[in-house]
Amino acid sequence: MVGTGGPVATFSVWDYVVFAGTILAAAGLGLFQAIRGRKETSSAEFLLGGRQMTAVPVAMSLTASFMSGITVIGTPAEAYRYGTAFWLFGFSYAIMSTVTAEIFVPLFYRLGITSAYEYLELRFSRPIRVIGTSMYIVQTSVFFDFSVTGLDLWGVLVATGAVCIIYCTLGGLKAVIWTDVLQMVIMLAGFVAVIARGAVLQGGLTKIWKDAGEGGRLETFDFDPDPLKRHTFWTILVGGSVMWVSIYSINQSQVQRYISCKTLGHAKMSLYVNMVGLWITVSLAMFSGLTMYSIYKQCDPLTNGDVGTTDQLLPYLVMDILAVYPGIPGLFVAAAYSGTLSTVSSSINALVAVTMEDFIVPVWKGLTERQISWMNMGLSIFFGGVCIGMAGVASAMGSVLQAALSIFGMISGPLLGLYLLGMLFRTANSVGGLVGMITGLALTLWVGIGGQIYPPKAEKTNPLPLTTEGCTINQNYTTAYPWTSPVTSQPDFRPALADTWYSLSYLYFSLLGLLITLVSGLLVSMITGETTCSPNLYFNHRHPNDSEASDVTEKAAADFDLGADNAAFTDIAVMCKDGEKTTKL
């Protein structure tokens, strides 16, 4: 009987057929885009889709890039265990979309950059650009771990990874974006299948909502200002907004998408459409979690020993309620894998872009277009292999949602602070930027790694009560699911900082890194002297061509030079010079 504990069904032949079919369909779409654009072999075509993309497919790709297998598995478990506070991220998505579209997009679009980290050289110095790019590569490689966590079927993982490598290598960004569109649809279909079946079993959506309310899952707003509490209105609104701004505004995977749009208007619109996509995705994921609670409110699979971690809850639910419909569990696993493929393909393409633009092209300036194209494809294969290899590390991880977001907070926060330091303050110089970024990164890594080693106590995370009173089968073992992660052990010793500094909400990691970088960077810059920069490098400077670009002007791929030949480096005259060392105290 559904919802009473015990072993659940396993995959049927039809499940494997549906799963394989959806993955092959995604691969086929990517290969179709590669074949259709085979005559366009330029680097701008490969990395930026020829800068001819339109708003809607780019928006769906933006959403799919970070709505990965982590979202499919982790967010419903979040609603099941902690309630609907996570829904407040809808406010964060709105703030993130507005800030990114109105501040960062015009600047990056005006400079005609390919790598987001080109700005750091224009505004500060070459070493800072190299450090920023290196931080992104490390961050993205680590995120590979979490992207595949929960999907630890090695045979299928290698096969889908190979598929991803093929269409990334042959089709470039255009293939990745159009494949993301299909994968986004598959992800949403997986959530809808869970909610629809749950509504049938429980007697309607109203009953699910009522059960959630009675179980305390609908107490969304907690206005406690305590920064140590995991999710409150303030941690999500303030910390969550800064974290998502850092993900969307300066992360190469996202920047590369919206600067591929054919006009500035399309680029901005893609972010606002993406905001709606994020709202829909997180709402379906949260309601899937409430559906799970309604079914298991009397028999928690985690407490009962049916699963070992919260990340195994949704796969267990799927096999419990959908196994009677052959093929539907396969659709769910395809949804999780589609999210993973989307994240991986986005990361591969972005890693190729930053490696070429920030490391290879500036050093070997005489490369022909053909040589660059071959290097693009070779790097796609290399980073695809790295992705598959990192899956082995991922198998040692536990809960994926918070860990993945923590990684972004620890690294993206100081980077965002560095960009804002350059964009907002004319006083900032390269010495201040370097010191600020290193200081911010050191502190966020300290608190973030400490929080992973010594997780905060239950009174700060506020898990909601669960029971096993309705279980008819009590397990003395944990069901092993091949697509999920193992339990992680907790340390016995807790230092004094564990319940204060290390218990800081993971959503404040980005804010902490940003503030430390800004304050220390400004202080050092004021001491070491001003720098002279082109006004084009500040966000409030309006270039005469901005209005034209935002209307109907479409740019041919050939109009954009890459790397050291980027027009931004010549037209704006490599941009900043450390001026007279006028001391400001």
Side-chain angles (χ1 to χ4, degrees), residues 70 74-75 77-89 92 139 142-143 145-146 149 216-217 219-244 246-247 302 309-311 396-414 416-417 439-466 485 487-517 519-520:
I70 294 169
T75 309
E78 172 75 25
Y80 176 79
R81 288 279 286 151
Y82 299 100
T84 51
F86 202 84
W87 235 323
L88 294 174
F89 274 104
S92 300
Q139 175 195 58
V142 172
F143 189 66
D145 290 17
F146 301 105
T149 298
R217 265 66 187 170
E219 297 174 5
T220 305
F221 293 91
D222 178 1
F223 292 99
D224 189 342
D226 184 1
L228 304 185
K229 291 186 73 171
R230 180 172 176 268
H231 282 166
T232 66
F233 176 82
W234 302 113
T235 58
I236 293 175
L237 183 70
V238 179
S241 296
V242 173
M243 182 193 70
W244 280 103
S246 73
I247 289 175
L302 189 62
T309 71
T310 56
D311 300 319
M397 302 304 299
S399 180
V400 296
L401 183 64
Q402 178 175 326
L405 295 178
S406 297
I407 290 293
F408 275 105
M410 284 183 267
I411 297 180
S412 291
L416 178 61
T439 306
L441 181 62
L443 286 174
T444 53
L445 287 176
W446 177 24
V447 66
I449 294 174
Q452 288 295 313
I453 297 173
Y454 303 104
K457 293 181 179 178
E459 59 263 26
K460 297 300 181 184
T461 58
N462 298 323
L464 296 171
L466 295 162
S485 50
V487 186
T488 53
S489 59
Q490 302 294 329
D492 296 326
F493 170 74
R494 289 180 67 84
L497 289 176
D499 297 322
T500 52
W501 178 244
Y502 294 156
S503 292
L504 181 71
S505 171
Y506 72 98
L507 294 176
Y508 280 134
F509 292 171
S510 281
L511 181 62
L512 174 68
L514 182 150
L515 292 176
I516 295 297
T517 301
V519 172
S520 56

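These numbers come from the heavy atoms of this one structure, side chains and all, not from hydrogens, waters or symmetry mates. As the structure is a prediction and not an experimental result, all values here were calculated from the model.
- Contact annotation: the side chain of Leu88 approaches that of Phe233 to within less than 4.5 Å [non-hydrogen atoms, C-beta and beyond].
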Using the rule given for side chain to side chain contact (heavy atoms under 4.5 Å, CB included), can you reason through Trp446 versus Leu512, listing the C-alpha separation, both sets of side-chain angles and the distance that settles it, and then say yes or no?
CA-CA 11 Å; Trp446 177 24; Leu512 174 68; over 6 Å; no
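- Of the possible donor and acceptor atoms, one in the side chain of Ser503 sits under 3.5 Å from a partner among the backbone N and O of Ala498.
- Contact of the Val447 side chain with the Met410 side chain is not registered, since no non-hydrogen atoms from C-beta on lie closer than 4.5 Å.
- Here the OH atom belonging to Tyr454 is positioned 10.0 Å from the CG atom belonging to Leu497, to the nearest 0.5 angstrom.
- For Asp222 against His231, the heavy-atom pair with the smallest separation is OD2-O, 4.5 Å.
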List the steps, then state whether side chain to side chain contact (heavy atoms under 4.5 Å, CB included) holds for Glu78 with Thr310.
CA-CA 8 Å; Glu78 172 75 25; Thr310 56; over 6 Å; no
Applying side chain to side chain donor-acceptor pair (under 3.5 Å), run through Ser412 and Ser510 and close with a yes or a no.
CA-CA 6 Å; Ser412 291; Ser510 281; over 6 Å; no
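- Annotation: the span from Arg230 atom CZ to Ile236 atom CD1 amounts to 8.5 Å, rounded to 0.5 Å.
- No donor-acceptor pair closer than 3.5 Å links the side chain of Trp234 to the backbone N or O of Asp224.
- Considering CG of Leu515 and OG1 of Thr444, their distance stands at 11.5 Å, rounded to 0.5 Å.
- Taken from CZ in Phe86 to OG1 in Thr75, the straight-line distance is 4.5 Å, to the nearest 0.5 Å.
- Atom CG of Leu228 sits about 10.5 Å away from atom CH2 of Trp501, to the nearest 0.5 Å.
- For the pair Ile453 and Tyr502, the minimum side-chain heavy-atom distance is 4.5 Å or more.
- Residue-environment remark: CH2 (Trp87) exceeds the threshold of 12 foreign heavy atoms within 6.0 Å.
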Just do the side chain to side chain contact (heavy atoms under 4.5 Å, CB included) check on Leu514 and Val242 with the steps written out, would you?
CA-CA 9 Å; Leu514 182 150; Val242 173; 4.0 Å; yes
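- Between Thr235 and Asp226, the shortest heavy-atom distance links the atoms CG2-O, 4.4 Å.
- When all heavy atoms of Thr439 and Ser520 are compared, the closest pair comes out as CB-OG, 4.0 Å.
- Side-chain atoms of Arg217 never come within 3.5 Å of backbone atoms of Thr84 as a donor-acceptor pair (strictly under, hydrogens ignored).
- The OG atom of Ser246 sits 10.5 Å away from the CG atom of Leu511 when rounded to the nearest 0.5 Å.
- The distance between the ring centers of Phe509 and Tyr506 does not fall below 6.0 angstrom.
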